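Worksheet for the structure shown next.
Here the structure is a predicted model, which means the values were calculated and not measured. Chain identifiers are assigned alphabetically (A, B, ...) following the order of the sequence lines, protein sequences preceding nucleic acid strands; residue numbering begins at 1 within each chain. Just the heavy atoms: all of them, side chains too, but no hydrogens, waters or symmetry mates, feed the values below.
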There are 2 protein chains.
Amino acid sequence: MKRAHKLVSEYMEKVGSRYTMQKKAIVDELCKVKTHFEVDDFIVKMHQKDNDFSRATVYRVIKQLLEGGFLQKINTKDGKVFYEQNFGDKLHDHIICNNCGRIQEIKDDLVGDLLDKYCLKINFEADYRSLHIYGLCDKCQKKA
Amino acid sequence: MKRAHKLVSEYMEKVGSRYTMQKKAIVDELCKVKTHFEVDDFIVKMHQKDNDFSRATVYRVIKQLLEGGFLQKINTKDGKVFYEQNFGDKLHDHIICNNCGRIQEIKDDLVGDLLDKYCLKINFEADYRSLHIYGLCDKCQKKA
DNA sequence: ATGCATGCAAACTTTTTGCAGATCA
DNA sequence: TGATCTGCAAAAAGTTTGCATGCAT
């Protein structure tokens, strides 16, 4: 928890932005959430903490955190947008079930390694990636 | 060109949908475009062909083509949405430059193979994937 | 004290939807 | 013929922005 604050506050300083109450509150909440979430649900949560917390602020801070690499964006096939916090760990790649909507991580370092190698080969300096695989999860296959 | 029509018309029949004039016109245009494009630009093009071509129809057909796997969706980090046609070929993975916006394909079958293997391992029946890597391309690195 | 950040509301962008009429099978 | 598709316009959803005020440094 402390760690996330430290990371973000250092980042904010680096980019010449203040580490305000609202940003701290958002980082706190992100530490609790851990898994992927929708902006709207997140806004509701922030409202519960503080009725004056504004929609605009959440969007503004999310944008900053995304730029800083503290958040990862997940686009589902049907156009929904999720975010997932990522304080200092590796990026996550995701597998999304079209039927039940379950999102699971790809747990295989080979994937990341291979992509890193590829970027090196073509001389591309990667700073972010988004990998989503859609289909039917094992449970939903059985149902169908 | 014929091939795309055949593929789409068969798909439409399969899902119980008509292959209308508008859909044909969209498929024709997609065959011409080849590279990635934004919905809005595409709508402008369709308008030029036919002033009555409606925004709604483009969205409706794009949605169907996406479901049929004839279109691939590309989400850029800053929230833009591109599409790319894909009539029967393999999916494309993309590398996107944050600076100049250039989008290039990942040309390496190993990536796809590895992901396929992973899905097999966890028993996930994949039907689509979206892989985007963001960063600085070689040219923009030199500039910076 | 100064200027950046916030809250609010309005604006904007992108996408969806209801309806009446046209169209495909 | 009859159900589906289209165009239109309005609505909905998602996100951004201008402005006055508040707060961090």
Side-chain angles (χ1 to χ4, degrees), chain A residues 5-6 8-29 36-68 70-71 73-83, chain B residues 5-6 8-29 36-68 70-71 73-83:
Chain A
H5 283 305
K6 187 160 177 285
V8 177
S9 108
E10 282 168 1
Y11 173 77
M12 291 296 167
E13 200 176 340
K14 199 181 76 181
V15 299
S17 180
R18 292 182 189 153
Y19 197 41
T20 59
M21 258 172 44
Q22 287 83 346
K23 289 178 188 170
K24 280 176 199 158
I26 285 176
V27 170
D28 273 341
E29 188 57 37
H36 55 90
F37 61 89
E38 275 177 295
V39 179
D40 232 50
D41 295 342
F42 193 78
I43 288 171
V44 169
K45 271 191 193 152
M46 297 315 293
H47 261 288
Q48 287 167 355
K49 287 183 155 188
D50 172 0
N51 280 311
D52 288 339
F53 216 107
S54 92
R55 215 172 175 67
T57 298
V58 174
Y59 275 106
R60 284 189 274 236
V61 175
I62 279 183
K63 186 174 249 182
Q64 278 195 303
L65 294 176
L66 195 67
E67 278 161 9
F70 300 115
L71 277 180
K73 196 172 184 176
I74 306 176
N75 297 285
T76 68
K77 204 176 170 183
D78 58 344
K80 286 207 183 109
V81 175
F82 291 87
Y83 288 94
Chain B
H5 283 304
K6 185 160 178 284
V8 177
S9 107
E10 280 169 4
Y11 173 76
M12 290 298 168
E13 197 176 342
K14 199 181 78 184
V15 300
S17 180
R18 291 181 193 156
Y19 196 41
T20 59
M21 258 173 43
Q22 287 84 348
K23 289 178 189 171
K24 280 177 200 160
I26 286 176
V27 169
D28 273 340
E29 188 56 38
H36 55 89
F37 61 89
E38 276 177 294
V39 180
D40 229 51
D41 295 341
F42 192 79
I43 288 171
V44 169
K45 271 190 195 153
M46 297 314 292
H47 262 289
Q48 287 168 355
K49 285 184 157 189
D50 171 3
N51 279 311
D52 288 339
F53 217 106
S54 94
R55 215 171 176 68
T57 297
V58 174
Y59 275 106
R60 285 189 274 234
V61 175
I62 279 182
K63 186 173 250 180
Q64 277 194 303
L65 293 176
L66 195 67
E67 279 161 7
F70 300 114
L71 276 180
K73 195 172 183 176
I74 307 175
N75 296 284
T76 69
K77 205 177 171 181
D78 58 346
K80 285 204 184 113
V81 175
F82 290 86
Y83 288 93

Open item on the list: Can you measure A:Glu38 atom CD to D:dG14 atom P for me and round it to whole angstrom units?
Closed with: 8 Å
Task: Nucleotide C:dC8, atom C1' - distance to CG of A:Asp50 in whole Å - done: 14 Å
Task: Per B:Val39 side chain, nearest of listed nucleotides C:dT15, C:dT17, D:dT17 - done: C:dT15
Task: Length of the line joining B:Phe53:CZ and C:dA22:C1', which is rounded to integer Å - done: 15 Å
Task: Residues A:Asp40, A:Lys80: salt bridge by 4.0 Å N-O rule - done: no
Open item on the list: Any side-chain N or O of A:Thr20 below 4.0 angstrom from OP1/OP2 of C:dC4?
Closed with: no
Open item on the list: Output the rounded distance in Å from CD1 (A:Ile26) to C1' (C:dT6).
Closed with: 11 Å
- [ ] Please say whether more than 12 non-hydrogen atoms of neighbouring residues, nucleotides or ligands are located less than 6.0 Å from NZ in A:Lys49.
- [x] yes
- [ ] Kindly say whether the aromatic ring centers of B:Phe70 and B:Tyr11 come within a distance under 6.0 Å.
- [x] yes
Open item on the list: In whole Å, I'd like the distance from the CD1 atom of A:Ile43 to the P atom of C:dT6.
Closed with: 14 Å
- [ ] Would you mind classifying the nucleic acid contact of A:Lys63 as base, sugar-phosphate or nothing, using non-hydrogen atoms under 4.0 angstrom?
- [x] sugar-phosphate
- [ ] Would you mind reading off the distance between A:Met46 atom CE and C:dA5 atom C1', rounded to a whole angstrom?
- [x] 15 Å
Task: Closest nucleotide among C:dA5, D:dC8, C:dG7 to the A:Ser17 side chain - done: C:dA5
Open item on the list: The side chain of B:Ser54 is closest to which nucleotide in this list: C:dA9, D:dG7, C:dT6?
Closed with: D:dG7
Open item on the list: Is it true that, when you exclude B:Glu13 itself, more than 12 heavy atoms of the residues, nucleotides or ligands shown sit nearer than 6.0 Å to its CD?
Closed with: no
Task: Closest to the B:Asp52 side chain, choosing from D:dC8, D:dT6, C:dT15 - done: D:dC8
Task: Under 3.5 Å donor-acceptor pair, B:Arg18 side-chain atoms to D:dC5 base atoms - done: no
Open item on the list: Between P on D:dT25 and CE on A:Met12, what's the gap in Å once rounded to a whole number?
Closed with: 12 Å
Task: Donor-acceptor pair present, A:Arg55 side chain and D:dT15 base, under 3.5 Å - done: no
Task: B:Met21 side-chain proximity, nearest of C:dT17, C:dG7, C:dC24 - done: C:dC24
Open item on the list: Need to verify one output field. Residue with the more 5' nearest nucleotide on DNA chain C, B:Tyr59 or A:Lys23?
Closed with: A:Lys23
Open item on the list: Can you see if the side chain of A:Gln22 gets near the phosphate of C:dG7 - specifically, an N or O under 4.0 Å from OP1 or OP2?
Closed with: yes
Task: Interatomic distance, A:Ile62 CD1 vs C:dA5 P [rounded to whole Å] - done: 17 Å
- [ ] Just compare C:dA5, C:dT17, D:dT16 and give me whichever is closest to any side-chain atom of B:Ala56.
- [x] C:dT17
Open item on the list: Could you walk me through whether A:Lys14 and A:Glu10 satisfy the salt bridge (charged side-chain N to carboxylate O under 4.0 Å, His left out) test, starting with their C-alpha distance in whole Å, then the side-chain angles of each, then the deciding distance to 0.1 Å, before giving a yes or no?
Closed with: CA-CA 6 Å; A:Lys14 199 181 76 181; A:Glu10 282 168 1; over 6 Å; no
